[in-house]
Amino acid sequence: MISYNSDMTKFTVSPIGYVKSPYKEQSGTPIQPSFGEPVEAEIRVSSEFREGLVDLDLFDRIWLISWLDRSRPYKLKVIPYRDTKERGLFACRAPSRPNPIGISSVRLLSVDVKKGILRVSGIDLLDRTPILDIKPYSPKFDSFPDEPAGWLDESIDQETADNRFGSED
Ligand SMILES: C[S@@+](CC[C@H](N)C(=O)[O-])C[C@H]1O[C@@H](n2cnc3c(N)ncnc32)[C@H](O)[C@@H]1O
């Protein structure tokens, strides 16, 4: 599924599925899943990967690893949605990145293994966003609520995106 060039510095990945989401453009889309409740979306998983969905319904939340395919070319300094001053790109969750990979922890509502359909809520991804991987969310592995979070601890209160990382008008 992954193909590498001869010295493994470049590789090609293929989506395992796509998002079916009510959001069609960046502007107005929640900037993180937690701001997107209770809006629902679906993840449509390709037939060849559906067997791997078995037991996923045991989890309340999952990670969606996505390819943010409609991002503008990246800059290494950006003004993030929740700040008014420039920050280093890797200290931000901006969608425009050298490899525009998104990580979204969403609530899992149902799993249809046969049809390859996951119903989720709290999506921050645009319709037709390619999904590279799905992993179970575990509070034991993934949650550190008492740790400080840099500039985000004093961030402004923006919950939806504008078009600053979207297609040029
Ligand atoms: C700030 S990013 C965060 C994504 C992910 N939760 C993360 O932290 O990696 C979420 C924003 O990316 C934008 N977005 C969502 N899907 C996208 C896509 N397929 N291509 C480009 N931008 C997208 C939307 O504007 C959304 O509000």
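Whatever order the structure lists ligands and atoms in, that order sets their numbers, starting from 1. The figures here come from the full heavy-atom set of this structure, side chains too, leaving out hydrogens, waters and symmetry mates. Computed from a predicted structure; not experimentally measured.
With a 4.0 Å heavy-atom cut-off, ligand 1 is reached by the side chain of Tyr81 but not by its N, CA, C or O. At a 4.0 Å heavy-atom cut-off, ligand 1 touches Gln32 through the side chain alone. Of the heavy atoms in Pro100, none comes closer than 4.0 Å to ligand 1.
Side chain of Gln158 to main chain of Thr160: a donor-acceptor pair is present (N/O by atom type, distance under 3.5 Å, no hydrogens or angles). In this structure, the side chain of Ser155 does not engage the main chain of Asp83 through any donor-acceptor pair within 3.5 Å. Without hydrogens or angle criteria, Asp127 side chain to Ser21 main chain gives a donor-acceptor distance under 3.5 Å. No donor-acceptor pair closer than 3.5 Å links the side chain of Arg107 to the backbone N or O of Arg61.
In the vicinity of Ser71, heavy-atom distances shorter than 4.0 Å reach the ligand 1 atoms 20 (N), 21 (C), 22 (N). Short contacts between ligand 1 and Thr129, defined as distances under 4.0 Å to a heavy atom of the residue, involve ligand atoms 16 (N), 18 (C), 19 (N). Residue-ligand proximity, Ser104 to ligand 1, at heavy-atom distances under 4.0 Å covers atoms 5 (C), 6 (N). The atoms of ligand 1 that sit less than 4.0 Å from any heavy atom of Pro30 are 26 (C), 27 (O). Close contacts of ligand 1 with Asp124, meaning ligand atoms under 4.0 Å from a residue heavy atom, involve 3 (C), 4 (C), 5 (C), 6 (N), 10 (C), 15 (C), 26 (C). Ligand-side atoms of ligand 1 in range of Ala161: 25 (O), 27 (O), range being under 4.0 angstrom from any heavy atom.
On a distance-only criterion, Ile103 and ligand 1 share at least one N/O pair closer than 3.5 Å. Looking at Gly102 next to ligand 1, no N or O pair under 3.5 Å apart turns up. Ligand 1 has a nitrogen or oxygen under 3.5 angstrom from a nitrogen or oxygen of Leu126.
Cluster annotation: Ile123 and Leu56 are assigned to the same hydrophobic cluster (Ile/Leu/Val/Met/Phe/Trp/Tyr, side-chain heavy-atom contacts under 4.5 Å, transitive). Linking Ile, Leu, Val, Met, Phe, Trp and Tyr whenever their side-chain heavy atoms come within less than 4.5 Å puts Val19 and Val39 in one cluster.
For OH of Tyr137, the number of neighbouring non-hydrogen atoms (other residues, nucleotides, ligands) closer than 6.0 Å is greater than 12. The number of heavy atoms from other shown groups lying within 6.0 Å of NZ (Lys24) is above 12.
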Using atom types as modelled, flag every donor-acceptor pair under 3.5 Å from a side chain in residues 129-136 to any protein atom, sequence neighbours excluded.
residue: Thr129; atom: OG1; partner: Leu126; partner atom: N; Å: 3.3
residue: Thr129; atom: OG1; partner: Leu126; partner atom: O; Å: 2.6

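Among Arg82, Arg70, Arg93, the residue whose heavy atom sits closest to atom 8 (O) of ligand 1 is Arg93.
For atom 10 (C) of ligand 1, the closest heavy atom belonging to the protein is Ile31 O, 3.6 Å. Remark: minimum distance from atom 23 (C) of ligand 1 to any protein heavy atom is reached at Gln26 NE2, 3.7 Å.
Ring-plane geometry between Phe165 and Tyr81 is classed as perpendicular, the angle between the planes exceeding 60 degrees on a 0 to 90 degree scale with a lower cut at 30.
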